[in-house]
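Below is one structure, written out as C-alpha cells; comments come after it.
Letters A, B, ... mirror the listed sequences (proteins, then strands); counts begin at 1. Please read these numbers as outputs of a predicted model, since none were measured by experiment.
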Amino acid sequence: MSARDREVEHDTHLDLLSWLLRQMIRIRRFEEKCAELYSATKIRGFLHLCIGEEAVAVGVVGALDAHDAIVSTYREHGHALARGVPMESIMAEMFGRATGCSGGRGGSMHLFDASRRFYGGNAIVAGGLPVAVGLALADHLTGDKAVTACLFGDGAFAEGEFHESANLAALWHLPVLFCCENNRYAMGTALAREHAETDLTARAAAYGMVAWSVDGMDVLAVREATDRALAYVRSSGQPCFLELRTYRFRSHSMYDPDRYRDKAEIEHWKQSDPIPALASRLVSEGLMTAAEVEEWLAEIESEVATEIDEAVAVAEAAPLEPVEDLTRFVTTAAGDPVRRTS
Amino acid sequence: MSRRTATADRAREQATEKATGKTTGKTTGKVPPTVETTYREAMRAAHREALLRDPRVFLMGEDVGRYGGSFAVSLGLLEEFGEERIRDTPLSESAFTGAGVGAAMRGLRPIVEIMTVNFSLLALDQILDNAATLRHMSGGQLSVPLVIRMTTGAGRQLAAQHSHSLEGWYASIPGLRVLAPATLEDARGMLWPALEDPDPVLIFEHGSLYNLSGTLPVEPTPVDIERAAVRRPGTDVTLIAYAGGLGKALAAADLLAAEGISAEVVDLRVLRPLDDATIIGSVSRTHRAVVVDEAWRSGSLAAEVTARIVEQAFYELDAPVERVCAAEVPIPYPHHLEEAALPQPEGIAAAARRAVGEHG
C-alpha cells in the first residue's frame, strides 16, 4: 500500500468514525430533549427512547444504501435520524404537526418517510416483519437489487410473525436483513423469562439463514457486521439474521417505572456506553489526541444543540392539520397522489 | 341506453334467471355470444385475465399452485404462469398476508388467497393494522393496492371453525373496500376493478357459490365495485341480502310471489362502503325491509344496514325493519342443526309476511 493509499484509507476511516460519533450524539441529545418535552407535556402518547442503543441504529442504518428499505418499530427515532429523515420533520411529528414526517398522524411510534424508503414506525411487535418480507418479495420479482432491513427486538422474536417471516424469507430466498436488537427485555420481561432458549442466533439459523451475534454496544462492530451481512444478502439473494446485543439505559417508555431491573445492572451496561467508547477509540487508535477529541466533541455538541433547538422552534411554530382533513387518506380520493412504487 | 349498459343489463338478467330459475322473457335483439360457466370458473377466468393483463399481478396463498386452490379456483394457473406468479405459501397467514402488504406498497398488485375467513383471523393484524391503516397513518405517503380473497359462510357441514361469516367485522374497518360477489357476473368482473383500486380490497366468496352455474358473455362485462344491485324488482317489501344470502332471498321472493306479495331483492355486493342510495331508494319505494345476513345478529352488518335505514328512511317505513340472521351459536356440524342455525327462504318469507301483513 502506498503512502497515498494509506492516507486515503486513514481519511475514510476517520470520516466513518466521525459520522458514526456525530449521529450517535445527535440521537442521544434528540431523545433527551424529547424526554424533557414529554415532561413538559409538549409531546404526548407513548415515547420509547433508544438511549443506550444508538450504536445499533447508526451502525446498521448507516451501512444501507439509499435504495435499500427499512422497516422499523415503535423505538425508531434513532433509525429515522440515522437514515437522514430531517430532525425538523421528526420533531414536528412528535408535536403532531402537519409538517411532521407522517403529517402528524403517527407521532413518536409511527415515523414514515417513503422518499427515504423508511417504512415506520410499526407499533405492533413483529407486525413489520411480514411487510419487510413483502418488500423484498417485490424486489425479488422485479429484479431490483435492494435489500430490506427489518429492525425488531427480542420481544418480537417470541411472536409467531417472526418465525413465519423468517421461514418465508428463507424458503423464498428473499433479500431481507433481519436485525434483532436484543436489549434483553421485552418491555419488563427479561430474556430468560420469555424464551426457553435464549440463543437467538441459533434459533434463527434453524430457519436455514446465516445468523450472527454482534456486540451491539460497539458501533464499529455493528457497522462491520452489517456491511458483511449486506454483502452476503446482495450476492446470495438470501436473508441474513443479525443479533445485536444491546441495552437501553432508560425505561421501556415514559410510563415505565422500571421496577424489573437492578440499578447495578443498568450501571454495569452504562460502562459500555457506545458514545464515550467510540471517542476513546479515536485516541487509542492514535487518530486524535485526547485534547483534540475533547475539542471536537464540544464542537459536535454545540452543532447538535443548535440543530435540536431549531427543530423544536420549527415544530412549535408548525401548523396543525385542519380538522376538516381528519378523514383524508383513509382511502385514496380523486386527486390524491397515488404512489406507484415506494 | 349505451351498448355497454344494455350488455350489463342483459348479463344481470341472465344472472337473475339463473339464480331464480326463471327467464325474464325479454330479448335485447343482439345477444352477445355466451359461454356456460360456473362461479369457480368465472373466478378463474378473472384471475387469468388479470395475470395476462398486468405483469405486476401475482397470486399467493395456501395450496393455490400445485393443489390448484383449495376450492380449485386457481387450477391450472401454476402451469400457465409459473412458480413466481402463482406462489404456494406455508401455512403462515400473517406472514403471507403481510408480504402482500409489503409487495403492494412496492408497486406490485398481489392477490392473496386465504382459505377461509376463520383462518384470516391469524392475519387480522396485517389486514387491520397495516393494510387498512398505513395510508392514513403515514399521512398519505403509502398505498397498499392489495386484493385479499377468502371464502366465507356455512352450509357445507364444515362445522364451527370453517363456517363463520365474519365479513361484517371487516366491513367495519375504515381503509378497506369489502366485496361479496354473489353472481357469475360479479365473480367474473369484480377482481379486475379490485386490482385497479389503489387501496386494499377484500373479496368474500361464499363457499356454497362455487358450483353456481349459468351463462356469461364470452367477452367479460365490466362491473362496478361501488353499487348495490336490485336483482329482482318488487313493490311490497325489500329483501336485502348478499353473498350466500342472495339466492335464499330470491327463493323467498318466489314463495312470496305465489302469495301475491311482490318482493324487491337488493344484493349489497359492496359491503364497504355501503351503497346507501340503492338501499334507501328501494326501501323508500316498498316501505318495508327485511335484512338477511348469515352472520350473527349482534353487531352484524344487518345491524348496520338496519340502523342506516332507520336513520335515513324512518318516515318511509310502514313496519319495523326485520332481520333474518344466523342463530347466535358456533355453526354446528349436523345438517339439521346447521340448517336451523342459518337464514332459510321460509324464514325470510315469514319475516316479509310479518312486515307486510301486520302493518299492511
Quick check on the interface: out of B:Arg85, B:Met60, B:Gln126, B:Glu93, who has the most heavy-atom pairs with chain A under 4.5 Å?
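Result: the option with the highest number of such pairs is B:Gln126.
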In terms of heavy-atom pairs under 4.5 Å, which option from B:Asp199, B:Val101, B:Asp197 contacts chain A the most?
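Most heavy-atom pairs within the cutoff with chain A belong to B:Asp199.
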Which one, [options], leads in non-hydrogen pairs under 4.5 Å with chain B?
options                                : value
A:Leu111, A:Val131, A:Leu171, A:Val71  : A:Val131
A:Val133, A:Leu129, A:Leu168, A:Ile124 : A:Ile124
A:Ser165, A:Gly160, A:Ser102           : A:Ser102
A:Thr148, A:Asp113, A:Leu174           : A:Asp113

[atom2] on [Y] to [atom1] on [X], rounded to 0.5 Å:
X        : Y        : atom1 : atom2 : result
B:Glu84  : A:Leu137 : CD    : CG    : 8.0 Å
A:Phe112 : B:Leu134 : CZ    : CG    : 5.0 Å
B:Met137 : A:Met109 : CE    : CE    : 8.5 Å
A:Thr332 : B:Arg135 : OG1   : CZ    : 3.5 Å
B:Arg106 : A:Thr142 : CZ    : OG1   : 6.5 Å
A:Asn122 : B:Thr133 : CG    : OG1   : 9.5 Å

Under 3.5 Å donor-acceptor, B:Asn130 side chain and A:Gly127 backbone:
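Answer holds: yes.
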Sidechain-backbone polar pair: B:Gln141 side chain, A:Cys101 backbone, donor-acceptor under 3.5 Å:
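Side chain of B:Gln141 to backbone of A:Cys101, a donor-acceptor pair under 3.5 Å: yes, one is there.
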Tell me, yes or no, whether the heavy-atom count around A:Phe46 atom CZ, taken from other residues, nucleotides or ligands under 6.0 Å, exceeds 12.
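Atom CZ in A:Phe46 is not packed in, count stays at 12 or less.
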Should the heavy atoms of other residues, nucleotides or ligands under 6.0 Å from CD of B:Glu80 be counted, would the total exceed 12?
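Enclosed.
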Given side-chain contact (heavy atoms from CB on, under 4.5 Å), test B:Arg272 with A:Thr331 step by step and report yes or no.
CA-CA 12 Å; B:Arg272 184 184 185 91; A:Thr331 52; over 6 Å; no
Under a 4.5 Å heavy-atom cut-off, does chain A meet the side chain of B:Leu122, its backbone, both or neither?
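Neither part; nothing is under 4.5 Å.
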Contact part of B:Thr89 toward chain A, heavy-atom cut-off under 4.5 Å: side chain, backbone, both or neither?
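B:Thr89 touches chain A through backbone and side-chain heavy atoms alike.
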Which bit of [X] comes within less than 4.5 Å of chain B, counting heavy atoms only: side chain, backbone, both or neither?
X        : answer
A:His140 : side chain
A:Ala166 : neither
A:Asp325 : neither

On a heavy-atom basis, which atom in [X] and which in [Y] lie closest, and how many Å separate them?
X        : Y        : value
A:Leu135 : B:Gly102 : CD2-O, 3.4 Å
B:Ser94  : A:Pro130 : O-CB, 3.7 Å
B:Ala103 : A:Ala138 : CA-CB, 3.9 Å

